[in-house]
Amino acid sequence: MDDDSRPLLNSEYVGENYSHRGSTDSLDFKVKRPFHVKPRNIVEDDPQERISEKASLLNSRLQYYGRLTGSSDRLLSPPDHVIPAPEDIYFYSPLGTAFKVSDSSQVSKNPSIITIFAIWNTMMGTSILSIPWGIKQAGFTLGILILIIIGLLMLYCCYIVIKSPKYITMEDTSNWEFPDVCRFYFGKFGQWSSLIFSMVSLIGAMVVYWVLMSNFLFNTGQGIYNFANNINTSDSDFGTNGSERVICPYTKFQPGRNNTSSLLFLDKMGNSSDAGSFDQYWSKTNTVPFYLIILLLPLLCLRSASFFARFTFFGTISVIYLIALVTVKAVLLGFHLEFHWIDSSQFYVPEFREFFPQLTGILTLAFFIHNCIITLMKNNKNQENNVRDLSVAYLLVGLTYLYVGILIFASFPSPPLSKECIEPNFLDNFPCSDKLVFVARFLLLFQMITVYPLLGYLVRVQIMGQIFGRHYPSFFHILTLNIIIVGAGVVMAKFYPNIGSIIRYSGAICGLALVFLFPALIHMVSLKQQGRLSWPSALFHSFLIVLGVANLVAQFFM
């Protein structure tokens, strides 16, 4: 045959052509032992059927090439005519039988619509609860502009992350993630720094989850208690009157009013009842955060979190219900807008405010998906549509944030309440007796209880894998790590339960490295190596790095 007459070591298989040889570089010749057999020699129900002599010979040749050198030396890698096609790869059995392996990568490929909504579902998180507060901090007009601009910048940086493995032509990057790309360009520093900042985003999300779970559990329990004891708290909260009640929890915006922690409640008969004993054991900051330890710490120590992955669809249900809730509330409350461009008034905030960096910090985490976007896009059936699908997904995410943020801000009843009353968690602006909001809190609570162990599992795998080389070195190691993570959540829930500030700090920190710094540097370095780096491109990507630094620094002055 012509193929057999070609030299075994030929330079035409090195370089760019090598990258098109599919699974050549990923084959482990000592373990997988791929080879070609005729269909009649494939094992079906008869385990005694033997492989052909030709197939056995081809398998031996592959093992011979594998012993010549390591897979890193491309000069001695198996030539094309020795490597079987992907559909002709089988596992070799010591009994001499051949087992065909189905191409799981083809089975798991998703159409564009599934990929788009997978990105949307992954990006939608707790940040959506803080978007109205962030718009209030920046001002209504400036907040909308910032949301659009940050969304576009985050989309571009995410595009760079997707393209970054393709810039590397001398390595097989088919199974690489973004930390692997950082390691290629910046060595151990790039690998460890990307890991650390990725951990900041994950642990920051777990802290926010703990604060929110404490909030939702408290309000759910308070609502059940009030309903069971016929307690009406409407007179103890400063807010609107009527069926669609909105409250202002903090007295600093409404002088002379008591806050929601009043111990005096009025029942339907007009008689007062002392709820101090219940409040003593059911406090949002003093007791409820500790109750969660009993439930969640054992779940974090489970060896596998696959059971909780089955409940991830609750995230989509919760977000859809939240959007429906916002729509209903906006229709019932109506719009309350009055434009003051620079100066504030008694009930309204100006359109442009100096606190806008708080919104940029929140949005950095709200649009953050850069540490897992390569994995999500690998499962896209049509790889040529990756950029389009990513853009559509970001458009949907941006429209969702705009929809929730604008409707909550615009429908907030001013007067009698000031727009300053909008909470970092906008659900706190509704009393625990609100039935629609009660359902939203319960759904979000259940979702977070199932997602929290998954986040802990991701943190464990990455930290323990890097330090000890094993995902579960021992129960003691896992327990120690989980106690530290849970302790951070409890401390924040007790002393600083402001999810808006937690989100903006963690978003600005991880965004500096994984959104702005590393993608911009990798893009400039790759263009420099290709001789295509221009001054406008260098200036723009340098500006992205400066923007990331400024975003982080500004959080400490707000």
Side-chain angles (χ1 to χ4, degrees), residues 104 108 118 121-126 175 177 179 194-218 220-221 287-319 365 368-369 371-372 375-376 379 441-494 497 499 502-503 506 510:
S104 59
S108 62
N121 186 43
T122 304
M123 213 181 303
M124 284 286 109
T126 56
N175 295 318
E177 301 295 340
S194 62
L195 173 66
I196 291 173
F197 285 107
S198 179
M199 290 299 97
V200 169
S201 65
L202 287 174
I203 296 177
M206 295 183 73
V207 170
V208 172
Y209 269 43
W210 200 276
V211 175
L212 285 174
M213 285 187 295
S214 301
N215 183 308
F216 296 149
L217 181 59
F218 169 79
T220 301
T287 59
V288 173
F290 294 92
Y291 294 156
L292 287 171
I293 299 177
I294 303 174
L295 172 64
L296 292 174
L297 185 58
L299 296 180
L300 284 176
C301 295
L302 294 178
R303 184 177 292 269
S304 174
S306 59
F307 171 76
F308 301 100
R310 303 173 186 177
F311 298 96
T312 54
F313 68 92
F314 269 96
T316 304
I317 296 175
S318 300
V319 173
L365 192 63
F368 181 71
I369 199 175
N371 59 343
C372 62
T375 301
L376 289 174
N379 295 325
R441 289 185 175 120
F442 180 79
L443 287 175
L444 289 169
L445 175 63
F446 183 80
Q447 176 214 348
M448 291 179 181
I449 289 176
T450 57
V451 172
Y452 190 85
L454 290 175
L455 295 176
Y457 179 78
L458 293 176
V459 172
R460 177 211 308 175
V461 166
Q462 296 192 44
I463 292 181
M464 296 300 174
Q466 289 292 330
I467 297 178
F468 299 102
R470 290 177 295 169
H471 298 165
Y472 202 97
S474 72
F475 177 78
F476 175 77
H477 289 86
I478 301 304
L479 180 62
T480 303
L481 174 64
N482 291 335
I483 289 176
I484 294 174
I485 296 174
V486 168
V490 172
V491 169
M492 297 302 290
K494 178 174 176 57
I499 67 165
I502 300 173
I503 290 174
S506 58
C510 71

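The ring pair (Phe, Tyr, Trp, His ring centres under 6.0 Å) check on Phe442 picks up nothing, with sequence neighbours excluded. Remark: Ser194 engages Pro179, Cys182, Leu514, Phe518 in a side-chain contact (heavy atoms from CB on, under 4.5 Å) (not counting sequence neighbours). Residues passing the ring pair (Phe, Tyr, Trp, His ring centres under 6.0 Å) test with Phe197, sequence neighbours excluded: none. Phe216 pairs by the ring pair (Phe, Tyr, Trp, His ring centres under 6.0 Å) definition with nothing, not counting sequence neighbours.
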| message | Test side-chain contact (heavy atoms from CB on, under 4.5 Å) on Leu444 and Arg441; report intermediate values, then the result. | response | CA-CA 5 Å; Leu444 289 169; Arg441 289 185 175 120; 5.9 Å; no
| task | Please assess Ile502 against Val211 for the test side-chain contact (heavy atoms from CB on, under 4.5 Å), listing each intermediate value before the final yes or no. | result | CA-CA 10 Å; Ile502 300 173; Val211 175; 4.0 Å; yes
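Taking CE of Met206 as the reference point, atom CG of Leu455 lies at 6.0 Å (rounded to 0.5 Å). In this structure, the separation between OG1 on Thr450 and CG on Leu445 is 9.5 Å, given to the nearest 0.5 Å. To the nearest 0.5 angstrom, Ser214 atom OG is 11.5 Å from Lys494 atom NZ. Expressed to the nearest 0.5 Å, how far CG of Leu297 lies from CG of Leu292 amounts to 11.5 Å. Leu212 contributes atom CG, which lies 4.0 Å from atom CD1 of Ile499 (distance to the nearest 0.5 angstrom). Here the straight-line distance linking atom CE of Met448 with atom CG of Leu296 works out to 12.0 Å at 0.5 Å rounding.
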Solution key, residues 485-493 side-chain donor-acceptor pairs under 3.5 Å, sequence neighbours excluded:
none

Which side-chain N or O atoms in residues 473-482 pair as donor and acceptor under 3.5 Å with protein atoms at least two apart or in another chain?
from: Ser474; atom 1: OG; to: His477; atom 2: N; distance (Å): 3.2
from: Ser474; atom 1: OG; to: His477; atom 2: ND1; distance (Å): 2.4
from: Thr480; atom 1: OG1; to: Phe476; atom 2: O; distance (Å): 2.8
from: Asn482; atom 1: ND2; to: Leu300; atom 2: O; distance (Å): 3.3
from: Asn482; atom 1: ND2; to: Ile478; atom 2: O; distance (Å): 3.1

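For the side chain to side chain donor-acceptor pair (under 3.5 Å) condition, no pair includes a residue of residues 199-212, sequence neighbours left out.
When each of Leu365, Val451, Val208 is paired with Thr126, the side chain to side chain contact (heavy atoms under 4.5 Å, CB included) condition holds for Val208 and for no other.
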